[in-house]
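Residue numbers start from 1 in every chain, and the chains themselves are labelled A, B, ... in the order their sequence lines are given, proteins ahead of strands. Note that the structure is predicted; figures quoted are calculated from it, not measured.
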Number of protein chains: 2
Amino acid sequence: MPGPAVPEGYDKYAHEPFAVTADLAVLTVREGALHVLLVERGEEPYRGHWALPGGFVQPDESAETAARRELAEETGLSDVSGLHPEQLRTYSEPGRDPRMRVVTVAFTALLPDPPEPRAGSDAARARWVPYAEARPLAFDHDRILADAHERVGARLEYSSLATAFCPPEFTLGELQQIYEAVWGAGLDRPNFRRKVLATPGFVEPVPGAARLTGGRGKPAALYRAGTATALHPPLLRPTPEGRPA
Amino acid sequence: MPGPAVPEGYDKYAHEPFAVTADLAVLTVREGALHVLLVERGEEPYRGHWALPGGFVQPDESAETAARRELAEETGLSDVSGLHPEQLRTYSEPGRDPRMRVVTVAFTALLPDPPEPRAGSDAARARWVPYAEARPLAFDHDRILADAHERVGARLEYSSLATAFCPPEFTLGELQQIYEAVWGAGLDRPNFRRKVLATPGFVEPVPGAARLTGGRGKPAALYRAGTATALHPPLLRPTPEGRPA
DNA sequence: CCCTTCATGGTCAGTACGACTATTAGTCGC
DNA sequence: GCGACTAATAGTCGTACTGACCATGAAGGG
């Protein structure tokens, strides 16, 4: 809330300004591996280092609006209407930017098999980098990226978020690849199928369609994202601990 | 991230400054009912309205540090070391404060049966208000409070967060009251007990102690918070929908 | 034509869960 | 002190979900 001590706060601010940025962890799954969109910094500090895309929130924008604008700029995507950048958290430690006091509102965004990014005007270049090879990044972006990964992994369990990684029509094998890529763990195919189909509203079959998955093997049935956003029952990831359930 | 366009951003900021505040949704359960800590605003705008406690983030602080400081000031608690305000989300819509551009990082904090708050220097007065009677609040605090409620309700399912509402030693009945107060739903006592005890690390018994719960009924065994932070298996709330599981 | 590859269908035992019933150990009113 | 009341604790039972399997079907490649 705006504290009651307006004049003091305002004064302080006048001497030590806060800049607010919106940064994005844009994730996708490509050939079974999790990738993240990075830009190469063209200016100091961290010139030449890779960083998460983002930029200043403008005076007439919310952080959400700024995130959507940045996403469109960095990916060159004409239609970002279906994408809903989700707020991750806010990073406000003093000194995280050597130039000035910067408060960053971080977002995650999920894309299906993506177009090549086009370098924005202010970024030297942008490209998709496998998650495992992304570090080290500029500023505290290593931590932001790790937080984004964890958050997305957790949300896959209880929401139909995984379909956001998929094209409009997809096979259950493709959907499973999303889970495996984000969780970094293999899943049993028959069981995965059973659980997805048993969860009402998660996916719905495309009537008469089947697709050759790329050549090999039996053609798979196609599905669309269903209407549900929450998953009942949830699709829990295998417990990394030796926990019995 | 700090955008590469430093001078522009900085310029913009200089003409349209951002103030950053940390606001808190401090929750507790008192006599079986969820309460929230509110302060009465002593200045315009919204003078005389109730609002969530909070204040400006100082130049040398992170939002987390500011939240802890505000919490100590508003509650008069000498020891807030055990409390970990958790970031909820950030609210940045233009116009949410009529005076200037304010970006608010909201936090939740959970307290066991609390001391009476002392009015801070800048708040006319502060008090615990039953959650159901809290609205309407100043600014967009209605929404922040609703988001906090939902977040805490969800985290009760998968984390041992509920023990943060309890004193160091507590009975299972008291723990159950936390769940019922936050979820607004009654739970079956034997089943609740079974699940809590079956979740490793959630609670551990206090060796030879039993407490009279206040007079009536059989004395209950005392428990301490265990070492686990995540709950396996989770303690799912009753499905409000007529969902079969 | 067989072998590989992947989708799909099914079994089976262990576990968790909700709904209930029963027992125990206290206080309170008389 | 005796019985009603209250709350904690113990146990039961049928259903649902889960993970670990095994089996079948439908393509393509050598």
A:Trp50 six-ring face occupied by A:Arg135 cation (under 6.0 Å, within 45°): no
Between the base of D:dG19 and the side chain of A:Arg194, is there a donor and acceptor pair under 3.5 angstrom? yes
Please pick, from D:dT9, D:dA20, C:dT8, the nucleotide with the shortest atom-to-atom distance to any side-chain atom of A:Ala221.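 Of all the options, the side chain of A:Ala221 is nearest to C:dT8.
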Can you check the [X] [atom1] to [N] [atom2] distance for me, whole Å?
X        : N      : atom1 : atom2 : answer
B:Leu235 : C:dA16 : CG    : C1'   : 12 Å
B:Leu236 : C:dC17 : CG    : P     : 7 Å
A:Leu231 : D:dT18 : CG    : P     : 11 Å
B:Leu172 : D:dT9  : CG    : C1'   : 10 Å
A:Phe192 : C:dG10 : CZ    : P     : 19 Å
A:His232 : D:dA16 : NE2   : P     : 18 Å
A:Leu197 : C:dA7  : CG    : C1'   : 12 Å
B:Lys218 : C:dG26 : NZ    : C1'   : 9 Å

Are A:Leu111 and A:Leu27 packed together at the side-chain level, in the sense that at least one heavy-atom pair is separated by less than 4.5 angstrom? no
Short side-chain to backbone donor-acceptor contact, B:Asp142 and B:Leu137, under 3.5 Å: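 Judged by distance alone, yes, a pair lies under 3.5 Å.
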Heavy-atom donor-acceptor pair, B:Ser159 side chain to B:Leu161 backbone, under 3.5 Å: yes
Neighbour count >12 (heavy atoms, 6.0 Å) for atom CD, A:Glu150: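 Check fails, neighbour count at 12 or below.
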Please classify the nucleic acid contact of B:Arg193 as base, sugar-phosphate, or nothing, using heavy-atom distances under 4.0 Å.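 Sugar-phosphate: the residue B:Arg193, judged by heavy atoms under 4.0 Å, touches backbone atoms but no base.
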Can you list, by residue number, the residues of residues 180-191 of chain B that have a non-hydrogen atom closer than 4.0 angstrom to DNA chain C?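 Listed by number, they are B:Asp188, B:Pro190, B:Asn191.
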Do the side-chain N and O atoms of A:Thr163 and A:Ser160 include a donor-acceptor pair separated by under 3.5 angstrom? no
Using the ring centroid of each side chain, check whether [X] and [Y] are separated by less than 6.0 Å.
X        : Y        : result
B:Tyr179 : B:Phe192 : yes
B:His35  : B:Tyr131 : no
B:Tyr158 : A:Tyr158 : yes

Take the C1' atoms of the five end pairs on each side of the helix from C:dC1-D:dG30 to C:dC30-D:dG1, derive the two axes, and give their angle rounded to 10 degrees.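 If I round to tens, the end axes sit 10° apart.
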Using OP1 and OP2 only, check whether a side-chain N or O of A:Lys195 sits under 4.0 Å from D:dG19.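 True: A:Lys195 side-chain N/O within range (under 4.0 Å) of D:dG19 OP1/OP2.
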